[in-house]
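Keep in mind that this is a model prediction, so the values were computed, not measured. Just the heavy atoms: all of them, side chains too, but no hydrogens, waters or symmetry mates, feed the values below. In listed order, ligands and their atoms are each counted from 1.
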Amino acid sequence: MTDGPLVLGIETSCDETGVGLVRGQVLLADAVASSVDEHARFGGVVPEVASRAHLEAMVPTIERACRGAGVALTDVDVVAVTAGPGLAGALLVGVAAAKALALALDKPLYGVNHLSAHVAVDQLEHGLLPQRCVAMLVSGGHSSLLLVDDVTIGVEPLGATLDDAAGEAFDKVARLLGLPFPGGPYIDRRSSEGHVTIDFPRGLTSSKDIARHRFDFSFSGLKTAVARWVEARELSGQPVPVADVAASFQEAVCDVLTRKAVDACTANGVDHLVIGGGVAANSRLRSLAEERAGRHGIAVRVPRPALCTDNGAMVAALGAEVVRRGREPSGLDIPADSSLPLTSVII
Ligand code: KG4
Ligand code: ZN
């Protein structure tokens, strides 16, 4: 669909300042400024540093998005912004900018849920979402399986991580292996040079665990197992085979994620699986999901990697969809809600 209002989406929930422009399901621009390099030496995102970086990047990123789409700010019809969940101070910068724009342009404002936006972004790549799908969101902050009927109304949580998020596990294991932050892309790359030689544990997959946590995840045991393995190797004076450890760890994560995602689809009679969040950029996760889902006649929808990691296009995509579905805008007095629940798509 190429008609509909021009929606500007702003994303600042973590370390990416994203501004996207979308009309219908057509992506016109996706400008992202990341402060990831400023956090690298701390091995994780430092909230105050992220907030300051958003403040500095906001106006230039909005200008870059408008230039990229060949539109003027005054052409914007609707402003959408991530209102939560995320880092409180970081969210505040985006919400304040969106309010200022909506007020100055006299246009409606939608404060939306970051996780729903990770699902909605797939519409820019593969067209309207099916009537019903299972979404697996795997990022630095979340690992969830969700049942989605209408992404603008809310989603039914099927399961989530009990401890570390999948991306967090990638980042922590990368650190153990001396790889830079954020670790996911480095583990992905190094894995392709190695082999799956170590059988690391698959959390919450025993029959006892499945009885209580069928669709939940746990990655902290896996992380500890990798740490012990590396430690034992170092103590014995042998070199650590980084590529093999990375490949074996990645296989354990992707095995559990895809197994549970396919199980969630078959248990709910759903034949579409949408995968989103930064970890959806992982090459092994993508291929294993295709392979396993394909065996059950389930179609996998994964946006291209740049749309999987945090960006403004996903917020604009959800904004366009809430407008298409006739949802009411938010008021100009919306808060930034760092723990916005999944059941709240528009704040
Ligand atoms: O969705 P996202 O950009 O931000 C959050 O909302 O957290 O996800 C970032 C996470 C990081 O933990 C990063 O290591 C991971 O996504 N990631 C990957 C890959 N690319 C990014 N993990 C595994 N393989 C990748 N190729
Ligand atoms: Zn995210």
Undergrad: Checking side-chain hydrogen bond (donor to acceptor under 3.5 Å, both in side chains) between E125 and each of R304, R301, Q25, which is the one that passes?
TA: R304

Undergrad: Run the numbers for me: atoms of ligand 1, each under 4.0 Å from some heavy atom of S139, listed by number.
TA: 1 (O), 5 (C), 6 (O), 7 (O), 8 (O)

Undergrad: If the test is side chain to side chain contact (heavy atoms under 4.5 Å, CB included), which one of L177, V226, I198, L176 qualifies with F249?
TA: V226

Undergrad: Contact between ligand 1 and H142 is defined here as a heavy atom of the residue under 4.0 Å from a ligand atom; is it met?
TA: no

Undergrad: Measuring only between side-chain heavy atoms, which start at C-beta, is V151 closer than 4.5 Å to V345?
TA: no

Undergrad: Closest non-hydrogen protein atom to atom 18 (C) of ligand 1, residue and atom name please, with distance?
TA: G184 CA, 3.5 Å

Undergrad: Give the atom numbers and elements of ligand 1 that come within less than 4.0 Å of a heavy atom of H114.
TA: 6 (O)

Undergrad: Heavy-atom contacts with G167 under 4.0 Å: which atoms of ligand 1 show up? List them by number with element.
TA: 12 (O)

Undergrad: If you have a sec, work out which protein heavy atom is nearest atom 24 (N) of ligand 1 and how many Å separate them, to one decimal?
TA: N282 ND2, 3.0 Å

Undergrad: Check the pair T61, V32 against side-chain contact (heavy atoms from CB on, under 4.5 Å), reporting the backbone distance first and the verdict last.
TA: CA-CA 7 Å; T61 311; V32 176; 6.0 Å; no

Undergrad: Taking only heavy atoms of G141 into account, list the atoms of ligand 1 that are under 4.0 Å away from them.
TA: 7 (O)

Undergrad: Run down the list G140, A281, A174 and name the one with the heavy atom closest to atom 7 (O) of ligand 1.
TA: G140

Undergrad: Within the 4.5 Å heavy-atom criterion, are S206 and H213 side-chain neighbours or not?
TA: no

Undergrad: What atoms in ligand 1 come closer than 4.0 Å to a heavy atom of H118?
TA: 1 (O)

Undergrad: Looking at ligand 1, does any of its N/O atoms fall within less than 3.5 Å of an N/O of S283?
TA: no

Undergrad: Pairs of nitrogen or oxygen atoms closer than 3.5 Å, one from F170 and one from ligand 1: do any exist?
TA: no

Undergrad: Tell me, which protein residue and heavy-atom name are nearest atom 20 (N) of ligand 1, and how many Å apart are they?
TA: G278 O, 3.4 Å

Undergrad: Taking the side chain as C-beta and beyond, is there a heavy-atom pair between L87 and S51 under 4.5 Å?
TA: no

Undergrad: Which heavy-atom pair separates A336 from L92 by the least distance, and what is that distance?
TA: CB-N, 4.0 Å

Undergrad: What protein heavy atom sits nearest atom 26 (N) of ligand 1, and how far away is it?
TA: D188 OD2, 2.9 Å

Undergrad: Only heavy atoms of P182, strictly under 4.0 Å: list the atoms of ligand 1 that pass.
TA: 14 (O)

Undergrad: Considering the options D15, T12, T17, which one meets the side-chain hydrogen bond (donor to acceptor under 3.5 Å, both in side chains) requirement together with H54?
TA: T17

Undergrad: What is the NE2(H114)-the Zn ion (ligand 2)-NE2(H118) angle, to the nearest 10 degrees?
TA: 90°

Undergrad: Do S13 and E11 meet the criterion of a side-chain donor-acceptor pair at a distance under 3.5 Å?
TA: yes

Undergrad: Can you tell which of D310, T309, L285, D171 gets a heavy atom nearest to atom 12 (O) of ligand 1?
TA: D171

Undergrad: Given R132, which of D150, D271, D149 fulfils the salt bridge (charged side-chain N to carboxylate O under 4.0 Å, His left out) condition?
TA: D149

Undergrad: Looking at the Zn ion (ligand 2), which N/O/S atom of D310 is the nearest one?
TA: OD1

Undergrad: With the threshold set at 4.0 Å, does a side-chain nitrogen-carboxylate oxygen contact exist between D171 and K223?
TA: no

